[in-house]
Colleague: 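Got a structure here, written out as structure tokens. Questions coming.
These numbers come from the heavy atoms of this one structure, side chains and all, not from hydrogens, waters or symmetry mates. Model, not experiment: these values are computed from the prediction.
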Amino acid sequence: MTIRALKLHPFAGSVDRDLTFQPGLNVVLGPNEAGKSTVFEALRHVIQTPARLTPKRFTDALGSFMPASGGDVIRVSLVHADGSLCKTWQRSGGTARVVTEQAEFTDTEAVQDVIDAWFPAGKATTDWLLSADQDGSSRLFERLTLAEADSVRDSLSSALRSSLMETAGVSVDAFSRALDEELGRYYANWDIQAAYPKNNRGIHNPYKQSVGLVLAAYYALEETRLALKESRDYEQAAAEAQDRLARMQAGLSAIDVDYARLKPIEADIQERLSFEHELSRLSGEHERLKEVNRTWPLTEERARSLGEELERLARQKIALEEERAAALRQRDRAVLEKKVNRLEELEAGVAQARKDASAVQAPDAETIQSMRRFERSAAQAGARIDAERLTVTLTSQVDGTVIVSGEDIVLRGGEPSVHTVSGRAEIATGDLRIIVESGEGEIEEAVRTRDHATTQLQALYEASAVASVEEAEQKREHAQTASRNLKELLARLTQASEDGDLSTLKEQLDALGPPEDETGSATTAAAPRDPDRIQQEQLDLGARFAETKLQLEQAQTQLSAWEAEFGNHEQVVEALVEVQAGRRNATTKLEGLARLPEDCPDSASFFDRLRYLESERERLTRSCSEAREAMLRLERDAPERSAEELERDLSRHEAIFERVRREAEALQRLQRTTREVIAEVDSRTYDGLQTRFLRLLGIMTQERYSDVDLARELPQSTRVDGNELALSLLSHGTKETFALAWRMAVLEELYPDGGGLLLLDDPLVHLDPARRRGVCEAMRGISGRQQIVMLTCHPSFVDELVEVAGGNNVHCIRLPD
């Protein structure tokens, strides 16, 4: 669609304005407030906005373009290569007219159809993609990702695919989205994988909204299944209630028969029970009297015998007590004598130990330590002197005597005399005295040290009356041994005196008196027995005595009780005769009463049986009444439909659910096929758009952003200096450049043979000089095939465009101030 002329009569601030356009590059130049935006909006609305609008839509879309001079009508006329178009708008309505070579159209719908035919991608695509105001250019890709742009993207995709796939005027993206919507209508809140409602919201917690067809069919099926279960449960409960009532009634009938058999003889059995109790009492009394009659004489004899035995045991107790007392005295005397002897031995030992300890005079530890120190010092000094030993050889021509280290040495004339001394030699003869020392004088000091240590050591030996350190240590060890022995004996003496000292124990021994054999009372008797053995005999005798006494008391108590009850033995015999007469009388009366049934062995079992029957009759009667009431309640709560009807409904709903499920699965298969077809076509559909976009972007950015990732028809990200950046992170000017390159690529792709229109409002205002020159080169490249209408208020941009594109290729339309 190539525009040749535009007329605004009136539109916004323009009352009657005519503009003429040329194929190729057109620039509308004018200062601010000259009407550039008015021209831009007039071009957009004459193409996009229907003539007939509701008052609200008119106000929203065109209210700001009403004539500034007044009036309620606005009009725009357009002339292009394929005809002319005129649209008139007013609040109460509007008109439209299209004139082509073939015909003239005034019907608004027919006019819009003709306009749509001029734009292969649809008027919405032209409005979004092939026209851009100054504020919306950089936000193009953000707008196209919104849901409201779905139809625009679908229309563009369908137009791009038109050369590859015939869609009969239907957008395959819209068709795919319609499939998605239809599948959503089927599968809303249905988990396809689990074949169950999402979030486990089954029939007991169903969704109230967004219920898909599959979920609705499932709920209907489950509701019917639940109703069928309830109906079956009801029928089973009703049958069970009827059966329970029948069993209760049968049991009640059986109880009534048995009750009618036993109730009439209840009085006789009650009287029989009384006589049976009496007879039982008399029988027990008869047996007791017989036993008393038999055991009374025996008990009297036993009491006499036990009394004699008790007296004998008492005498034995006294004898054992006397014997044990004597044995204890003997044992205590022996123990005391042993303790006294032990203490006497220990006291004698302590006295001797004290004497031995005082007899030993031993040096103390400090003196022995001093002895060892002086002995070590003398030995060390002597060893040093011995280490410096000297050999002295004396030779005299005549016989004589000399003194060597204090020793007189006789010399024979002409014979040498050899002597060995320790480190120091002193030779004296006449008036001559010669001293020879080994070393440099240390030997004298060693000699002094040895002599001093030896003197001190001898003094200590004399003071301690010993001849050596070893003898001193032996004396000290003997003294220590005597001291330890004394301490040990004293400890043993103290321990042995815990029960008393020697004098106290002797007093206790005297208090016990002389031994038995010294008194003369037991000289001929046997030795006393062990007190413990005597005590054990006492214990055994005491147990027999207590048992005999208890048995005697029991016998006496029994005799006293019989005497208190009967008086004497003869009266027991009389009572026995009287009881026998009472038993015969009770037996005679029992024979005249009704007999017990065979299934009742005695009167007690008869009454237990009768009470049971009465209780069961009452219980079963009450239970039958409750069962009838329960059946009435069940009948009131009976389901509206029978199980048979619900089974038929269940089969129908199962079929419906299966049908809906198959329909949904068919839609899924269709969706997969559609997506496969679109994917196959899309693999080629966007090749041309991507190639054109990258080529134009490379021209505009000097190849800086030549590596761009495109997903289908939209750029997603770009790579700069090796780093991937999302389009949202790019600068405002770069976004403008991307949008311009993409719009031009779309224009070229939609109109490969030329004839397209690109409407831009000041597209160069946010670009740096290099980017502006690149955009101008790109515009020059496509303006030979496409028409570009650019509006700007910057004359320098026009000059730059003329410089790049050439003066003859740029048509400038100047608006008056």
Side-chain angles (χ1 to χ4, degrees), residues 1-8 14 17-44 47 78-81 126 129-134 137 692 695-702 733 736-737 739-748 750-817:
M1 178 182 178
T2 303
I3 301 174
R4 292 180 177 176
L6 177 70
K7 184 173 184 178
L8 288 66
S14 299
R17 171 171 286 180
D18 293 308
L19 292 90
T20 302
F21 299 91
Q22 298 293 335
L25 188 55
N26 294 265
V27 181
V28 179
L29 176 64
N32 292 329
E33 305 301 329
K36 298 187 305 300
S37 296
T38 300
V39 173
F40 180 84
E41 294 297 337
L43 277 170
R44 287 182 63 241
I47 296 171
L78 180 69
V79 178
H80 60 92
T126 303
L129 309 182
L130 302 184
S131 65
D133 57 22
Q134 184 174 340
S137 179
R692 294 179 190 275
R695 179 177 59 79
L696 291 169
L697 183 64
I699 294 173
M700 294 179 182
T701 63
Q702 293 78 48
E736 290 271 8
T737 306
L740 284 171
W742 193 74
R743 291 181 193 277
M744 292 181 188
V746 170
L747 180 67
E748 288 276 80
L750 292 178
Y751 299 93
D753 299 327
L757 171 64
L758 182 61
L759 180 60
L760 304 172
D761 184 8
D762 225 339
L764 306 178
V765 68
H766 297 298
L767 306 181
D768 58 50
R771 296 277 177 87
R772 287 201 304 272
R773 186 171 187 84
V775 172
C776 291
E777 290 179 359
M779 287 183 177
R780 178 180 63 81
I782 69 171
S783 62
R785 299 180 300 278
Q786 315 294 346
Q787 185 181 37
I788 300 177
V789 176
M790 184 183 85
L791 298 91
T792 184
C793 61
H794 301 281
S796 61
F797 291 173
V798 179
D799 296 340
E800 191 170 358
L801 192 59
V802 168
E803 179 185 351
V804 174
N808 297 330
N809 296 321
V810 179
H811 175 60
C812 183
I813 304 170
R814 297 180 181 273
L815 298 180
D817 294 344

Colleague: Between Q786 (side chain only) and Y751 (backbone N and O only), is there a donor and an acceptor less than 3.5 Å apart?
Modeller: yes
Colleague: Decide yes or no on side-chain contact (heavy atoms from CB on, under 4.5 Å) for L740 and M700, but give the supporting numbers first.
Modeller: CA-CA 9 Å; L740 284 171; M700 294 179 182; 4.1 Å; yes
Colleague: According to side-chain contact (heavy atoms from CB on, under 4.5 Å), who are the partners of A770, at least two apart in sequence or on a separate chain?
Modeller: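 side-chain contact (heavy atoms from CB on, under 4.5 Å) list for A770, sorted by chain: Q702, D768.
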Colleague: Can you pull the side chain to side chain donor-acceptor pair (under 3.5 Å) pairs that have at least one residue in residues 797-816, sequence neighbours excluded?
Modeller: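 Listed once each, the pairs are R772-E800.
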Colleague: Given the rule in the side-chain contact (heavy atoms from CB on, under 4.5 Å) test, do I813 and V39 qualify, once you have shown the distances and angles that lead to the verdict?
Modeller: CA-CA 11 Å; I813 304 170; V39 173; over 6 Å; no
Colleague: Could I get the full list of side-chain hydrogen bond (donor to acceptor under 3.5 Å, both in side chains) partners for R17, not counting sequence neighbours?
Modeller: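 Not a single residue meets the side-chain hydrogen bond (donor to acceptor under 3.5 Å, both in side chains) criterion with R17.
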Colleague: Less than 4.5 Å apart, any side-chain heavy atom of H80 and any of Q787?
Modeller: no
Colleague: Please name all residues satisfying salt bridge (Lys or Arg N to Asp or Glu O under 4.0 Å) with K36, sequence neighbours left out, ordered by chain then number.
Modeller: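 For K36, no residue satisfies salt bridge (Lys or Arg N to Asp or Glu O under 4.0 Å) once neighbours in sequence are set aside.
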Colleague: If I take atom OG1 from residue T38 and atom CG from residue L8, how far apart are they, to the nearest 0.5 angstrom?
Modeller: 7.5 Å
Colleague: Determine the minimum heavy-atom distance between M779 and P763, stating which atoms define it.
Modeller: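 Shortest heavy-atom separation between M779 and P763 comes out as CE-CG, 4.0 Å.
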Colleague: Testing the basics here: between V810 and A805, what is the closest heavy-atom pair and its distance to 0.1 Å?
Modeller: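 Taking V810 first and A805 second, the nearest heavy atoms are CG2-CB, 3.8 Å.
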Colleague: Any pair with a residue in residues 774-796 that passes salt bridge (Lys or Arg N to Asp or Glu O under 4.0 Å), sequence neighbours left out, goes on the list, sorted by first then second residue, please.
Modeller: E748-R785
Colleague: Identify the two heavy atoms, one from C776 and one from L764, that lie closest to each other, and give their separation to 0.1 Å.
Modeller: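 Scanning both residues, the minimum pair turns out to be SG-CD1, 4.2 Å.
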Colleague: Tell me the closest heavy-atom pair linking L697 and T701, and the distance in Å.
Modeller: O-OG1, 2.7 Å
Colleague: Between L696 and A745, which heavy-atom pair has the shortest distance, and what is it?
Modeller: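 Reported closest heavy-atom pair: CD1-N, 3.5 Å.
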Colleague: So do the side chains of F21 and V28 get within less than 4.5 Å of each other, counting heavy atoms only?
Modeller: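 Yes; the side chains approach each other to less than 4.5 Å.
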Colleague: For a quick test of your reading: what N or O donor-acceptor pairs under 3.5 Å do the side chains of residues 789-796 make, sequence neighbours left out?
Modeller:
unit_1 : atom_1 : unit_2 : atom_2 : d
T792   : OG1    : D762   : OD1    : 2.8
T792   : OG1    : H794   : N      : 3.1

Colleague: If you define the side chain from C-beta out and look only at heavy atoms, does anything of L760 sit under 4.5 Å from R743?
Modeller: yes
Colleague: Give me the atom names and distance for the closest heavy-atom approach of P816 to A34.
Modeller: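 Looking at all heavy atoms of both residues, the closest pair is O-CB, 3.6 Å.
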Colleague: Quick one: do M744 and V775 satisfy side-chain contact (heavy atoms from CB on, under 4.5 Å)? Show the steps, please.
Modeller: CA-CA 10 Å; M744 292 181 188; V775 172; 4.3 Å; yes
Colleague: If you define the side chain from C-beta out and look only at heavy atoms, does anything of L78 sit under 4.5 Å from L43?
Modeller: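 Result yes, sub-4.5 Å side-chain heavy-atom pair found.
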Colleague: Once rounded to the nearest 0.5 Å, what's the spacing between atom CG of L6 and atom CG of N26?
Modeller: 11.5 Å
Colleague: Taking the side chain as C-beta and beyond, is there a heavy-atom pair between L815 and L19 under 4.5 Å?
Modeller: yes
